[in-house]
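Everything numeric in this text was worked out from a predicted model, so none of it was measured. Sequence lines set the chain letters: A, B, ... in the order given, protein chains first and strands last, and positions in each chain run from 1.
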2 protein chains.
Amino acid sequence: MATRGRPRGFDREAALARAMEVFWERGFDNASLGELTRAMGINSPSLYAAFGSKEGLFQEAMALYVKTAGGGIWEPVDSLPTARDAIAHVLYATARAFTGHGQSRGCMIVLASPQAQGSNPSISGELERHRRGNRECLEKRLRRAVEEGELPDTTDCHAVATFYSTVQHGMSIQARDGASREELLGVADCAMSAWESLTRPA
Amino acid sequence: MATRGRPRGFDREAALARAMEVFWERGFDNASLGELTRAMGINSPSLYAAFGSKEGLFQEAMALYVKTAGGGIWEPVDSLPTARDAIAHVLYATARAFTGHGQSRGCMIVLASPQAQGSNPSISGELERHRRGNRECLEKRLRRAVEEGELPDTTDCHAVATFYSTVQHGMSIQARDGASREELLGVADCAMSAWESLTRPA
DNA sequence: ATATTTATGTATTGATCAATACATAAATAA
DNA sequence: TTATTTATGTATTGATCAATACATAAATAT
């Protein structure tokens, strides 16, 4: 398939990365097209030609976020040797990720559109599905640990996963409110200090 | 001061309560004036005559929220006999409050305008100040507990307060995502199970 | 009674939003 | 070359937003 027509005059990936930063910092609704095109260095017709719509651009930005900025957090969950390692990794990686990108603090998935009845239900719905997926990822890992004997079969995997997922969500708000990396690492410490009592045989 | 002029034709407090529900459910930006006036049963000139502006209406709605829906959570912190009682109260009261108001789930203070660079910085700033105030309320209570001998003076009050504040914020996201009261009470259980290790003498 | 004051309903304002129309530019295909 | 295809820049579209203008209604003050 040869390239027909006038070639694109901008770097699609670079422009998408710029858009991700804007969505991350401002959320879906508050990121205006003017702001997006300015950050991407293009005009709106180019944006629509390349990404279809503001919603389409956000979808791709979200995928890029999951793959890059938010990526290192969840991938290792299944490969780390113990459930404890996995959950500790999620919390500490979160503390680092949420405080390491300049102005963009906190999780895009949590902060981009928190209203369930937001202006774009399809966006809110997809973000919610993603958050639920992360929680289920933790719960699955805990169940595997029970099967493998790491944890007693009295462990309430659902409750423990919900707890750590809640802490991880809360760290987004704290990061947005200016919490330092040290403070978020401290939150992870505190959360992990509950591990023994949460996984003690009944 | 006698009442001059045509009397107001609607119940100001009732209208404000309706507005609070809309802001709570939809956030500041996504709550349109049309939606607000429809819920309040008035036209926009009446809204502006009574509340000044959308921002003014939100300020009053936020004050009402703090006094009513979110009120029982923080007031008892200073009067409860121990810091442990106080923090447990905050968490369990939060679990109940965030799941008991029909469609409005989660904390208005956390969810109404999460973007630090939102469309209305003054609103975002005030909400952030309020969240910080809640965290400081916990920290102050913990310091008092250290002074009174309830907790060892090795207790890291700042870290512990930040941790429980983070859990409380995270519960807003979980509630918005549909977590049940039982699940949030379970989160509170898990968080409190860290208490012993967090306050153990070094 | 008349004047004054405040509230209401209808209609509208300018601003901003996401999305496009249209003419032109820049590439390949024949 | 000429035709075709795709991208770009300028300008604009209709929709929606928060906020008001204006005439009228309903109360008190004198």
Side-chain angles (χ1 to χ4, degrees), chain A residues 1-16 18-20 22-23 25-62 112-113 115 117-124, chain B residues 1-16 18-20 22-23 25-62 112-113 115 117-124:
Chain A
M1 171 149 96
T3 83
R4 290 278 294 261
R6 177 175 174 173
R8 202 195 313 276
F10 63 96
D11 182 336
R12 195 182 189 278
E13 289 308 304
L16 178 59
R18 298 304 225 39
M20 179 189 77
V22 174
F23 279 130
E25 196 171 332
R26 304 263 296 151
F28 179 75
D29 290 321
N30 285 330
S32 73
L33 271 176
E35 205 173 350
L36 287 164
T37 53
R38 208 175 316 125
M40 299 165 82
I42 60 178
N43 295 112
S44 53
S46 298
L47 188 157
Y48 280 87
F51 300 99
S53 65
K54 184 185 179 185
E55 178 173 337
L57 176 61
F58 182 84
Q59 306 275 8
E60 291 204 41
M62 180 176 143
S113 183
Q115 272 73 42
Q117 289 278 52
S119 71
N120 192 319
S122 124
I123 295 277
S124 307
Chain B
M1 171 147 98
T3 84
R4 292 274 296 255
R6 176 174 174 173
R8 184 177 284 126
F10 63 95
D11 182 336
R12 194 181 190 278
E13 288 309 304
L16 178 59
R18 296 306 224 39
M20 179 189 78
V22 174
F23 280 129
E25 197 170 332
R26 303 263 294 152
F28 178 75
D29 289 321
N30 285 328
S32 74
L33 271 177
E35 204 173 351
L36 288 164
T37 53
R38 209 176 313 124
M40 299 165 83
I42 60 179
N43 295 112
S44 55
S46 298
L47 188 156
Y48 281 86
F51 300 99
S53 65
K54 185 186 178 184
E55 179 173 338
L57 177 62
F58 182 84
Q59 306 276 8
E60 291 205 41
M62 180 176 143
S113 184
Q115 272 74 42
Q117 289 278 55
S119 71
N120 191 319
S122 124
I123 295 277
S124 307

Where the side chain of [X] is defined as all heavy atoms beyond and including C-beta, which of [options] is the nearest nucleotide?
X        : options                   : value
Asn43(A) : dA26(C), dT20(C), dT10(D) : dT10(D)
Arg6(A)  : dT8(D), dA18(C), dA27(C)  : dT8(D)
Arg4(A)  : dT28(C), dA19(C), dT10(C) : dT28(C)

Looking across every strand, which nucleic acid part, if any, lies under 4.0 Å from Pro7(B) by heavy atom: base, sugar-phosphate, or nothing?
->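 The residue Pro7(B) makes sugar-phosphate contact but no base contact.
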Whichever of Gly5(A) and Ser53(B) has its nearest DNA chain D nucleotide further upstream toward 5' =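 Whichever sits nearer the 5' end wins; that is Gly5(A).
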Can you find a donor-acceptor pair, distance only, under 3.5 Å between Ser32(B) side chain and dT16(D) base?
->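 No.
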Can a donor-acceptor pair under 3.5 Å be found between the side-chain atoms of Thr3(B) and the base atoms of dT6(C)?
-> no
With side chains defined as the heavy atoms from C-beta onward, is the minimum distance between Glu60(A) and Arg12(A) less than 4.5 Å?
-> yes
Find out whether Leu36(A) and Phe58(A) are in side-chain contact, i.e. whether some heavy atom of one side chain is under 4.5 Å from a heavy atom of the other.
->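 Side-chain contact under 4.5 Å: no.
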Distance, rounded to the nearest Å, where [X] contributes [atom1] and [N] contributes [atom2]:
X         : N       : atom1 : atom2 : value
Asn120(A) : dA15(D) : CG    : P     : 19 Å
Arg12(B)  : dT6(C)  : CZ    : C1'   : 15 Å
Asn30(A)  : dT16(C) : CG    : P     : 15 Å
Leu33(B)  : dA15(C) : CG    : P     : 18 Å
Leu47(A)  : dT8(D)  : CG    : P     : 11 Å
Asp11(B)  : dT8(C)  : CG    : C1'   : 17 Å
Met40(A)  : dT8(D)  : CE    : C1'   : 14 Å

Phosphate-side-chain proximity, Arg8(B) and dA7(C), N/O vs OP1/OP2 below 4.0 Å |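 Looking at the OP1 and OP2 atoms of dA7(C), one of them is under 4.0 Å from a side-chain N or O of Arg8(B).
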So, is Ser46(A) close to the dT8(D) phosphate, meaning a side-chain N or O under 4.0 Å from OP1 or OP2?
-> yes
Could you tell me which nucleotide pairs with [N] by Watson-Crick or G-U wobble geometry, both distances under 3.5 Å, or answer none if nothing does?
N       : value
dT28(C) : dA3(D)
dA23(D) : dT8(C)
dA15(D) : dT16(C)

What are the two closest non-hydrogen atoms of Ile123(A) and Gln59(A), and how far apart are they?
->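 Smallest interatomic distance, heavy atoms only, reads CD1-NE2, 4.4 Å.
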Does NZ or CZ of Lys54(A) fall inside the cone over Phe23(A)'s six-membered ring, less than 6.0 Å from its centre and within 45° of the axis?
->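 Verdict for Phe23(A): no cation-pi partner in Lys54(A).
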Taking the nucleotide of DNA chain C with the closest heavy atom to each, which residue, Phe10(B) or Lys54(A), is nearer the 5' end?
->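 Its nucleotide being nearer the 5' end, the pick is Phe10(B).
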